[in-house]
Every structure is written in C-alpha cells, then in structure tokens.
Asks: 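Shown below is the structure under consideration.
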Amino acid sequence: MVNNNAAAVLLALTALAAGKGVALSRGELVEIGGSFRLPDIMARSGAELVEVGTTNRTRPADYRAAAEGGKAQLLLKVHTSNYRVVGYTQEVSLSELVGLGRAYGMPVLYDLGAGLLLPPRLLGLPEGTPSVAESLRAGADLVCFSGDKLLGGPQAGILAGRTWAVEAVRKHPLFRALRPGKGTLAALDATLRLYQDPAEARRAIPVLSMLSAEPKELSARAEALAQTLRAACGPRCAVAVESGESEAGGGALPGVAFPTSLVTLAPRDRTPEALEAALRAAPVPVAALLRHGKVAVDVRTLRPSDDEALCRAVSEGL
Ligand SMILES: *Cc1c(COP(=O)(O)O)cnc(C)c1O
C-alpha cells in the first residue's frame, strides 16, 4: 500500500520495468487529472513507453509485433476511468493480454484505477465494470487501484497480485518513500473490515450506499425533503421534485448515469445563479446544480442528517 494510485503505478513501473520497454495501447495513454499523465509517469520510472495500436483500435497483433520486435518486455493495461472511446473501436481485454503475456513470457500490469471490491451487480453498476477480484482472476501479475474512488476508503494506492511481483515492489527503495502514514492505514483497515459483510459495506460506506440507492427510496426522500423545504421557505421559493440522472464522476464510471430524484428550487426574489452561489457560501457549503433555470439538489448525494443544514442554507440564501 502506498499514498495514492499514482504512486502505486510509479512504484510498479519502477520496480518491474525500469530499463525495459512497456507496451501500452494508444487508446489507454491517459491523463487522470492534476499532472498524472501516463507517458510522464513512465518516463519518471525509467521504463520506455512502447505505444501500440491506435487511439480507437488496438488488436492483439499490435502487442505481438512489439513483443516479437524485442521492443517490449512488459505489458501494461490502463482502465480508461474518466473517458470512453465510442464508435469504431477495438480493445484487447485483460484476459487476452494475459494470454499474450504468457505466450511471450512477459508480466502483465493492470492500472485498474477504481478499486471496486464487490461484484458490480450487487451495487447496481453496469455489468462489465471491472473489479479487483475479476482482474486478479483474469491473471494480471500486478493490479494497482485507489483506496478511495469506488473502494470508499482513504486516499491510498494498493498493489495486489502475484507474490513475486508484490515482493519486488515491497523490496524497492522507492516503496519506503511512498508508503502511507498510520492514519491512512487505520482508515483503510476500518473500511476493509466493513467489506467482510458485503451488505454491511453497501450500507455503511457512503459511496456504495449512494451509488446503490434505489430510485423508489430516492423519490420518497425527495418528497420528504421538498415538504420540509416548502415549510421553511413559504412563498419565497417554489419547490418541486423532478426526475434526473446522477453521474458517478470521481474517475470511476465515465458516461454512466443513474436515475435519481432532484429537489428543484425556483426563488421568487433572486436569480437561480444567486441562490446557487449563496448555497456554496453557506456556513455548511452546499454544492447544488443549475438546471433548466432552477437550482437542483440530487438527494442521492445527501444523507438524512444533511437535511437540516440544507434547509437552513436555502432559507438564508433566498
Ligand atoms: C484515479 C486513477 C489513477 C490515480 O489514482 P489516485 O489514487 O488518484 O492517485 C491512476 N490510474 C487510473 C486508471 C485512475 O483511474
């Protein structure tokens, strides 16, 4: 375990691939945000990037050519966590890549990004959302993922895989420089304990309970919140419940929308923009949406204990 997944990828490449060629699809040359750009991390690690395929289509033959030409000694796959390539596309799956790795005697490293630990259907996520267990079962030698994002714990980077690969990472001098502090270890430990019972994890870990909230439950909560807001605002604001979509964001599920219920606010004496700004500036700041000329709050992102602070912020912001 290290400080974040960017560190995990840097460490994995440094320990396993310094001085070697690493084959990576041009469709997976990602920038995650901040200054995490795969080609830069690769350069820092001392590995040499061997680009294969094209932006939209990469085939097994592209990796084969890199292996047979002696250019690549390691295969890397990166999950495209914050964008999707659609249209005329082809991708080499992790299992196919593992097959190629075995054929050429090359290790396979997978930067999974978000560390989904439960089967996607248990959380209502799209079938095929890659999980840690499935990636290890597919045969990756080393899988890197974040401790936050879909895992729901503290910011951290986790490396899991075959003993030889994890040992190589653990023994590398860079590991000591990237290892997290006690607070992070304790927080991840507490989060992982919740996973011993998947139902409990789904209930108690905020990101999982929000992602898996049922539309019926969300609409009931929206109606109740709208009632409370109407009582608090009176004629100063029209309050309604509308259906909408939540986006997971956070670099985990690009282009995936979840049906949700929104509470919308149309203030009488102020513009929606002014109310939205006032909510952000409230003592407990509220990040609301501006949608079709109204301020909208997605109840999926609220905990019941948030209602009181929200009502106060709205009432004072009108
Ligand atoms: C999010 C992400 C990272 C960076 O993870 P951090 O924990 O934020 O450093 C790296 N690779 C992929 C594919 C990601 O989705």
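In this chain, numbering begins with 1 at the start of the sequence shown. In listed order, ligands and their atoms are each counted from 1. In what follows, every heavy atom counts, from backbone to side chain, and hydrogens, waters and symmetry copies are set aside.
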Asks: Would you kindly say whether Arg300 and Ser246 are connected by a side-chain donor-acceptor distance under 3.5 Å?
Replies: yes
Asks: May I ask you to list the atoms of ligand 1 that are less than 4.0 angstrom from any heavy atom of Phe36?
Replies: 10 (C), 11 (N)
Asks: Can a non-hydrogen atom of Asp111 be found less than 4.0 Å from any atom of ligand 1?
Replies: yes
Asks: Look at atom 2 (C) of ligand 1 and find which of Lys149, Glu31, His79 reaches it with the closest heavy atom.
Replies: Lys149
Asks: So which of Glu242, Glu276, Glu245 actually passes salt bridge (charged side-chain N to carboxylate O under 4.0 Å, His left out) with Arg291?
Replies: Glu242
Asks: Using a 4.0 Å cutoff against the non-hydrogen atoms of Ser81, which atoms of ligand 1 qualify?
Replies: 13 (C), 14 (C), 15 (O)
Asks: What atoms of ligand 1 come within less than 4.0 Å of a heavy atom belonging to Gly113?
Replies: 12 (C), 13 (C), 14 (C), 15 (O)
Asks: Would you say Arg26's side chain and Gly53's backbone share a donor-acceptor pair under 3.5 angstrom?
Replies: yes
Asks: Please state whether Val30 comes within less than 4.0 angstrom of ligand 1, counting heavy atoms only.
Replies: no
Asks: Between Lys77 and Glu91, does any NZ, NE, NH1 or NH2 come within less than 4.0 Å of an OD or OE carboxylate oxygen?
Replies: yes
Asks: May I ask you to identify, for Asn5, whether its side chain, its backbone, both or neither come under 4.0 Å of ligand 1 on a heavy-atom basis?
Replies: both
Asks: Could you list the atoms of ligand 1 found under 4.0 angstrom from a heavy atom of Ser146?
Replies: 5 (O), 6 (P), 7 (O)
Asks: Pairing donors with acceptors under 3.5 angstrom, does anything connect the side chains of Thr260 and Asp298?
Replies: yes
Asks: Number the atoms of ligand 1 from 1 as they appear, then name those within less than 4.0 Å of a heavy atom of Ala6, with their elements.
Replies: 4 (C), 5 (O), 6 (P), 9 (O)
Asks: Using 0.5 Å steps for rounding, measure from the CG atom of Leu142 to the OH atom of Tyr110.
Replies: 13.5 Å
Asks: Classify the side-chain pair Ser261/Ser219 by whether it contains a donor and acceptor separated by less than 3.5 Å.
Replies: no
